[in-house]
Amino acid sequence: MDVRQQMDALIEKLNAYNEAYYQQNTSLISDQAFDQLLAELQKLEAEYPLFANPNSPTQRVGGTITKNFSSVTHQFPMLSLGNTYNAKDLEEFDERIRKTLENEPYEYICELKFDGVALSFWYQHGQLIKGVTRGDGTRGDDITNNVKTIKSLPIRVHSSIFPEEFELRGEGYMPISSFDQINEEKIRKGEAPLANPRNAASGTFKMQDSAEVAKRNMECFVYAYLGNENPFQTHEDSLNHIASQGFPVSPTWRKCQNMSEVLQYIDDWAEKRHDLPLHTDGIVIKINDFGQQERLGYTAKSPRWAISFKYPSEIAKTTIESIVFQVGRTGNITPVANLKPVYLAGTVIKRASVHNANEMQRLDLRHGDQVFIEKGGEIIPKITGVDASARKEVNTLFDFPENCPACGSPLQRVEGEANHYCLNDTVCPPQIKGKIEHFIQRKALNIENIGTETIDLFFEKGIVREIADLYDLKAENFIGLDGFQTKSIQNILSGIEKSKNIPFRQVLFGLGIRHVGATIAEKLVLQFHSIENLQQATFEELIAVPEIGERIAVSVQDYFSKEANQNTITRLKAAGVQLSEEITEIVLEGIHLVGKSFVISGVFKNFERDELKAKIIAHGGKVVSSISAKLDYLIAGDQMGPAKLEKAKQLSIKMISEEEFLDMLN
Ligand code: IVH
């Protein structure tokens, strides 16, 4: 193979892994192995820039610098939408539609109105060739290199339905989690935080260095198909096809037959929308049928076939009455403001988080201040500002405490961190209770039937004073405790027993080591396999693991250096909790089956069923147990069940023999 072929092969392979991961939710290769191949390709691209290929997956991690984005003319202008604020406005919109369509039946598609940056994606011959901002609606900026860092956006498609050229529109956004992370870091460094995720997204997509954009994990939701050729009858069909090709289409849309169903949709999402990874400020209502859309047409600024509905404002003003300092499970101290109760977007708000001392300082919070509170994506509202004009001279500053409000021990603030911590972790009650709650949660040991109140009770009575105590619990311990029936005691005890089968990665997360979240725990387990190995790992060995930095390494070593923690581990081990995990990685032998699903039925000449399964997976395919319309192949052996055969015939599933399957691998 010459260099060029070698590069093309790498591109092909990496793109297939990416597509499997982002478009089919299948992980075919470990992150490490992927990064290695990617690095290999990057090296070749640097050595042979002439062979650079716009399809290269290295584009996903950026690396291009654009001094001035060139301006391009939109094929179809990017319009805005008319706004409505109440049911009456919507009824009027509906009335106009009914008149223009002369009483013929019509349907609406309701979607959420995503609060990010409008983007246009141009595809030609199945390749993403341009990503463009809205600009003034007629011309926008060519930000292709930045758009390619959106990992969930396919850079090529293999659809027989999309025409040679088409365009998709969507909203680019910075996930709230990334936004919060960036701001935490900015605050820690003493820099001004980003104002809100929308501004952050628009700033990020305009960055000159696409590698910086890649670091910010930008995302998008696609919400429209456009093209001179339109293979779809309805918007619904287009969304379904776009989603089936692996594009990120938010599954929040719904078809509505009339305005009362639209109002129901608005109501259903009024609160739930706050659980989404981005802010939404309303909904968009669109006529479903493309023919009807065309007949309804456009005004100079917006389509007549669509309109947006804005949810009522989510900002309120109230008085801050006091600040209490809460102790979290890692000993972090969070200032929480008690507010004069105020009604905000459907709920009465009495408390708001102020995050940390920096945030208190930034807001310059004082006793009796009038503050603005906002509901963002989070459930707990935030104080976002102070009404300085309402402040009286006598208002005095709030002080951050020097001692832990729960146990009185002196607080510490680590250089470079925003949080204050109480270090008395084996004695300080809220920390202990928090650690137990963390340990039993679903993502950790998944011990059901124990709530916060039970933990409080166990703690007060001295029955459970640390996580390992859970495994000593017996029915006798419940004697004399109110509110426990035989059945609920049994449920708690069997939940604890079951937790002994939870894999080590979840147990490690459950230990609650500072900075070791679920993902980091998994990385550590992949590398070290057992608690003993992890405990013996040197600082250098720890930071050699991808994504493990010094902060985490210090925290891990610090955890193991404490006698109380050693004790806990010894007791967990004795109880039979999983503290090691064998992880075997799949070695990929080929990529011909990527994206294909198989059902295996019957008996085979060359393979045991498990071997056949392993073969499919090793070539990138997926094995499923039941036949559905989505299934690609049924591998039929001898003595296959008649019911399966019948169903496969009914759904016209392609049936192949063992030999045909083997042919597919080559
Ligand atoms: S469809 C002709 N659908 O809202 C306009 N737009 O005022 C068709 N937006 O900046 C737009 N979510 O980026 C549509 N589900 C959605 C949307 C959406 C957010 C934004 C869009 C544009 C603005 C339109």
Side-chain angles (χ1 to χ4, degrees), residues 74-85 89-90 93 97 108-121 131-141 143 147 150 153 166-176 196-202 204-206 218-227 230 232 234-236 238-240 242-243 247-256 262 265-266 268-269 272-274 276-290 292-311 377:
H74 291 294
Q75 280 227 57
F76 308 92
M78 286 182 85
L79 301 173
S80 53
L81 287 167
N83 283 326
T84 61
Y85 299 93
D89 297 347
L90 284 170
F93 167 74
I97 302 264
Y108 290 117
I109 299 292
C110 287
E111 294 166 13
L112 282 157
K113 189 165 189 295
F114 306 114
D115 198 12
V117 182
L119 294 176
S120 177
F121 312 112
V132 186
T133 63
R134 178 173 187 276
D136 63 4
T138 309
R139 297 175 67 78
D141 285 338
I143 54 160
V147 162
I150 302 175
L153 182 75
F166 65 95
E167 202 176 314
L168 299 176
R169 297 260 169 99
E171 200 79 355
Y173 67 93
M174 176 182 286
I176 292 168
N196 57 51
R198 200 224 340 215
N199 287 6
S202 117
T204 304
F205 280 120
K206 294 282 188 58
M218 303 304 281
E219 277 297 339
C220 74
F221 277 136
V222 173
Y223 52 63
Y225 170 92
L226 291 102
N230 188 343
F232 308 108
T234 60
H235 180 53
E236 174 187 21
S238 71
L239 287 180
N240 281 331
I242 294 168
F247 284 89
V249 173
S250 170
T252 50
W253 63 274
R254 187 191 296 169
K255 183 157 67 178
C256 294
V262 170
Y265 179 87
I266 290 176
D268 289 348
W269 281 100
K272 256 195 319 191
R273 68 199 171 97
H274 297 301
L276 297 172
L278 80 169
H279 289 168
T280 52
D281 56 353
I283 73 158
V284 182
I285 304 138
K286 304 174 179 175
I287 283 287
N288 191 18
D289 187 272
F290 281 134
Q292 291 181 333
Q293 284 191 5
E294 207 167 317
R295 276 164 56 203
L296 287 157
Y298 299 82
T299 70
K301 281 190 294 188
S302 52
R304 289 201 180 89
W305 46 263
I307 202 147
S308 79
F309 168 88
K310 290 282 182 82
Y311 282 109

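First listed ligand is number 1; within each ligand, the first listed atom is number 1.
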Note to self: I'd like to know whether F114 forms a side-chain contact (heavy atoms from CB on, under 4.5 Å) with Y223, so could you lay out the CA-CA distance, the side-chain angles of the two residues, the decisive distance to 0.1 Å, and finally the verdict.
What the structure shows: CA-CA 10 Å; F114 306 114; Y223 52 63; 4.3 Å; yes
Margin query: Could you check whether atom CZ of R198 has more than 12 heavy atoms from other residues, nucleotides or ligands sitting under 6.0 Å from it?
Written below: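 No, CZ of R198 has 12 or fewer neighbouring heavy atoms, counting only those of other groups under 6.0 Å.
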Next item on the list: Quick one: sort the W269 and Y265 rings into parallel, tilted or perpendicular, breaks at 30° and 60°.
Entry: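 The arrangement is tilted - the two ring planes meet at 30° to 60°.
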Notebook entry, point to check: OG1 of T234 to CG of L239: how many Å apart, nearest 0.5 Å?
Noted result: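 Result: 8.5 Å between the selected atoms.
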Note to self: Rounded at 0.5 Å granularity, tell me how far NZ in K255 sits from OH in Y108.
What the structure shows: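 If I round to the nearest 0.5 Å, the distance is 14.5 Å.
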Margin query: Between Y173 and F221, is the ring centroid distance below 6.0 Å?
Written below: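 Y173 vs F221: aromatic centres under 6.0 Å.
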Next item on the list: Mind jotting down which protein residues get a heavy-atom contact under 4.0 Å with ligand 1? Chain and number order, please.
Entry: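 Lining ligand 1 at under 4.0 Å, by heavy atoms, one finds L79, S80, L81, E111, L112, K113, F114, A118, E171, Y223, V284, K286, P303.
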